[in-house]
Amino acid sequence: MFTSEQAEQFEKQGYLLIPNFVSRDETKALLQRSQELLERFDVSTHPLTRFTTSDKAHVGDDYFLNSSDNISFFFEPDAFEDINGRQELVKPKEKAINKFGHGLHISDPLFHTITVENPRVKEVVSMLGFEQPKALQSMVICKQPEIGGAVPSHQDSVFLYTEPQTAVGFWIALEDATAENGCLSFASGSHRTHPITKRFVRKFDKETGEEIGGTDFIFFDNHEQLQNDLPKDEDLNWDTVECKPGDLVLIHGSVLHRSETNTSSKSRFAYAFHVIDGKADYDKLNWLQSENIPSLW
Ligand SMILES: O=C(O)CCC(=O)C(=O)O
Ligand SMILES: [Fe+2]
């Protein structure tokens, strides 16, 4: 049961830990499927391993921009080393991927069920007041041993922008997430004090209105002023949220959150998906465009 006290705590903190949201068996099955997907993925056809020219970043952009309804794999930069002027993969592929998505909930039956057909998820979105909840994106974040990169402080609505803002993240630990292996931490209450002042967008030609490939940030008029006026990350209080497999962390679209590098020997797999309300406007500037955004009811 998702109680009104939990909804209140979420509104207050901008995040909420719900222990045992997914059963032990389901969590195990999701972790096992994640490992199967990593094993099955063909590294030889991946753009970042095929292209070593200066175009690499753009190839990555296209691969990223086309990932909304399939299972695309994104490497950890530290899985590559420069060997005789070539970037070579120096980790086994299963240990080299930072995350994969963003359409697990569309293409994989197990992830589909846990996301789109999950009565507990429906209960949470209903309690949070969603009218037309839609599962916009999903990913497994691997946070690999030794090289799992940090996720710098950010607000999800910058990347999943609706008007009014409605994005909420569902982050489910598939393994223990601890301070050692880079669990999430939150600036509690920052969703109330730190408005969204920028957006991550697709690039368009100003004259023709045509999409020109790649992504960028655009900044709102209040961006600079608020950057100066609001407390900086280092002056905020960060709550470290350790999790057991199957625990859920709900993430408000405007709350500042981050995770540290994993320097430990243990991976930290998590499944995260984001829900928006279909009643809000989701425009074509958003990096993620999809014909196929599943409704939760
Ligand atoms: O798993 C992480 O380290 C970051 C996840 C995150 O920022 C999100 O799911 O919104
Ligand atoms: Fe996030």
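Numbering of ligands and ligand atoms starts at 1, following listing order.
For Phe75 and His46, the distance between ring centers is under 6.0 angstrom.
For atom 7 (O) of ligand 1, the nearest non-hydrogen atom from the set Arg258, Glu260, His154, Lys143 belongs to His154.
Of all the atoms in ligand 1, the ones that sit under 4.0 Å from a non-hydrogen atom of Val151 are 3 (O), 4 (C). Atoms of ligand 1 lying under 4.0 Å from any heavy atom of Ile141, numbered from 1 in the order shown and given with element: 1 (O), 5 (C). Residue-ligand proximity, Ala272 to ligand 1, at heavy-atom distances under 4.0 Å covers atoms 9 (O). Residue-ligand proximity, Trp171 to ligand 1, at heavy-atom distances under 4.0 Å covers atoms 1 (O), 2 (C), 5 (C), 9 (O).
Under the 3.5 Å distance criterion, the side-chain polar atoms of Lys93 are matched with a main-chain donor or acceptor of Phe41.
The aromatic rings of His191 and His252 are tilted relative to each other, their planes meeting at an angle between 30° and 60°. Phe159 and Phe217 have perpendicular rings, their planes meeting at more than 60° on a 0 to 90° scale where under 30° would count as parallel.
Among all protein heavy atoms, the one lying closest to atom 3 (O) of ligand 1 is Ser259 OG, 2.6 Å. What sits closest to atom 1 (O) of ligand 1 on the protein, heavy atoms only, is Arg268 NH2, 2.7 Å. Among all protein heavy atoms, the one lying closest to atom 6 (C) of ligand 1 is His257 NE2, 3.8 Å. When only non-hydrogen protein atoms are considered, atom 10 (O) of ligand 1 lies nearest to Asp156 OD2, 3.0 Å. Scanning all protein heavy atoms for the shortest distance to atom 4 (C) of ligand 1 gives Leu184 CD2, 3.6 Å.
The atom of Asp156 that is an N, O or S and sits closest to the Fe ion (ligand 2) is OD1.
Taking a cutoff of 4.0 Å between a charged side-chain nitrogen and a carboxylate oxygen, Asp283 and Arg202 do not qualify as a salt bridge.
Residue His102 forms a ring-ring contact (aromatic ring centres under 6.0 Å, His included) with just one option from Phe74, Phe273, Phe73, and that option is Phe74.
Figure legend: cation-pi geometry between Lys198 and Phe219 absent, as NZ or CZ is not positioned both under 6.0 Å from the six-membered ring centre and within 45° of its axis.
Rounded to 10 degrees, the NE2-metal-NE2 angle spanning His154 and His257 at the Fe ion (ligand 2) equals 90°.
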*asked:* Show, in sequence, the C-alpha distance, side-chain angles and deciding distance for His154 and Asp156, and conclude whether the side chain to side chain donor-acceptor pair (under 3.5 Å) test is met.
replied: CA-CA 6 Å; His154 68 280; Asp156 292 339; 3.0 Å; yes
